[in-house]
Amino acid sequence: LPGRSGAQVFLDRDRREVPVGVAAAHSSSSSLRVRRVSSLSGILRVIESLLQDPIPGSLTEAAMARDKLVEPVRRINDAMLSENAEIMASLNRAQREAIATALGSSFVGGFFVVQGPPGTGKTSTLVGMISGIGDGTIVTAPSNAAVANLALKLHSTGRFGLHELAVLGENCDESVHFLNPVYRAKKYRSFLGTYASLSQDDEGQKEELRRQFASWLKASPQTSLEELRLLCPQIDESEGQFERDMIASARVV
């Protein structure tokens, strides 16, 4: 079975992991207990359903119309390394090849599936792909927690500022409220009201309040009031129009 590092894993009768070399040395009469870690059957059923009856005008239909298989990129060029050097350096060979293939000139439109058990680096691979694509990327996931996990990893790369990475939806995970333009605008308005209500004799409280808000934005504790203002959008129209404007200006949504 593929283990968390990609190597094969065998389990003995007590469900303890046995190295491949040791397992191979067992006599033919030995019994091995095997546990399924991951299965492709679910995702294959979904893909099969999509391909059998694609929605007219959908991405699926457009991808099928291409009718083209793309060979994986086995050699990663210097440009790829220079543009994503820090991210690519932390990935293994399979992850790097997947990113290079997805960003390669021969792959335009269509489907790209990354599959693996938990802990094998799928999210890190997606972060590398999205960082390489950059502008005009829309990211979705089946749960708010999954969206939050990916958004936080994208933010941690330092490649996307607060105005460039937008997490939308009023029910988004609390951990990414600072990346949600609506939440950020409302939080800033509340912070500013509290800050303005303090008297000049409360400089210590004002300073602590400013530091706390900067920390919430994942910004430096030394961020000034003016810099905080620039990091937070102002809602001057309906929230619907505001979100549309944010989508238009963000690099990744």
Step-by-step side-chain contact (heavy atoms from CB on, under 4.5 Å) determination, Ser124 to Leu91
CA-CA 8 Å; Ser124 297; Leu91 303 177; 3.9 Å; yes
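- Under a 3.5 Å cut-off, the side chain of Glu227 and the backbone N or O of Ser224 do form a donor-acceptor pair.
- Interatomic distance, OG of Ser131 versus CZ of Arg251, reported as 8.5 Å (0.5 Å rounding).
- Following chains of ILVMFWY side-chain contacts shorter than 4.5 Å, one can reach Val114 starting from Val127, so the two form part of one hydrophobic cluster.
- Figure legend: Lys187 and Phe213 shown without cation-pi pairing, the cationic atom not lying both under 6.0 angstrom from the six-membered ring centre and within 45 degrees of its axis.
- When atom types are taken as modelled, the side chain of Thr125 and the backbone of Gly121 share a donor-acceptor pair closer than 3.5 angstrom.
- Taking His163 as the reference, nothing meets the ring-ring contact (aromatic ring centres under 6.0 Å, His included) condition, with sequence neighbours excluded.
- Counting only heavy atoms from C-beta outward, the side chains of Glu164 and Val252 never approach each other to under 4.5 Å.
- Within the 3.5 Å criterion, the main-chain N or O of Leu154 finds a donor-acceptor partner in the side chain of Thr157.
- With a 4.5 Å cut-off on side-chain heavy atoms, Val182 and Pro233 do not count as touching.
- A donor-acceptor contact shorter than 3.5 Å links the side chain of Arg210 to the backbone of Pro221.
- At least one donor-acceptor pair under 3.5 Å links the side chain of Gln95 to the backbone N or O of Asn92.
- A 4.5 Å side-chain heavy-atom check between Leu168 and Val253 finds at least one atom pair inside the cut-off.
- The two residues Gly128 and Ile99 make their nearest non-hydrogen contact at CA-CD1, 3.7 Å.
- Residue Leu230 holds its CG atom at 11.0 Å from CG of Leu225, rounded to the nearest 0.5 Å.
- In this structure, Phe160 has no ring-ring contact (aromatic ring centres under 6.0 Å, His included) partners at least two apart in sequence or on a different chain.
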Leu162/His155 under side-chain contact (heavy atoms from CB on, under 4.5 Å): CA gap, chis, key distance, verdict:
CA-CA 8 Å; Leu162 287 181; His155 181 261; 4.1 Å; yes
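- Residues Cys232 and Phe191 fail the side-chain proximity criterion, which asks for heavy atoms closer than 4.5 Å.
- With hydrogens and angles ignored, the 3.5 Å screen pairs no side-chain donor or acceptor of Asp173 with any backbone N or O of Val176.
- Distance alone, capped at 3.5 Å, is enough to place a donor-acceptor pair between the Asn180 side chain and the Tyr183 backbone.
- Residues Leu231 and Tyr188 form no side-chain contact, since every pair of their non-hydrogen atoms from C-beta on lies 4.5 Å or further apart.
- From Asn144, atom CG reaches atom CG of Asn171 across 6.5 Å, with rounding to the nearest 0.5 Å.
- The closest side-chain heavy-atom distance from Leu150 to Leu126 is below 4.5 Å.
- Between Tyr195 and Leu228 there is no side-chain heavy-atom pair separated by less than 4.5 Å.
- To the nearest 0.5 Å, the span separating CD on Glu207 from CG on Leu198 amounts to 12.0 Å.
- Distance CG/Leu217 to CG/Leu179: 9.5 Å, rounded to 0.5 Å.
- Around the CD atom of Glu203, the shell of radius 6.0 Å holds more than 12 heavy atoms that belong to other residues, nucleotides or ligands.
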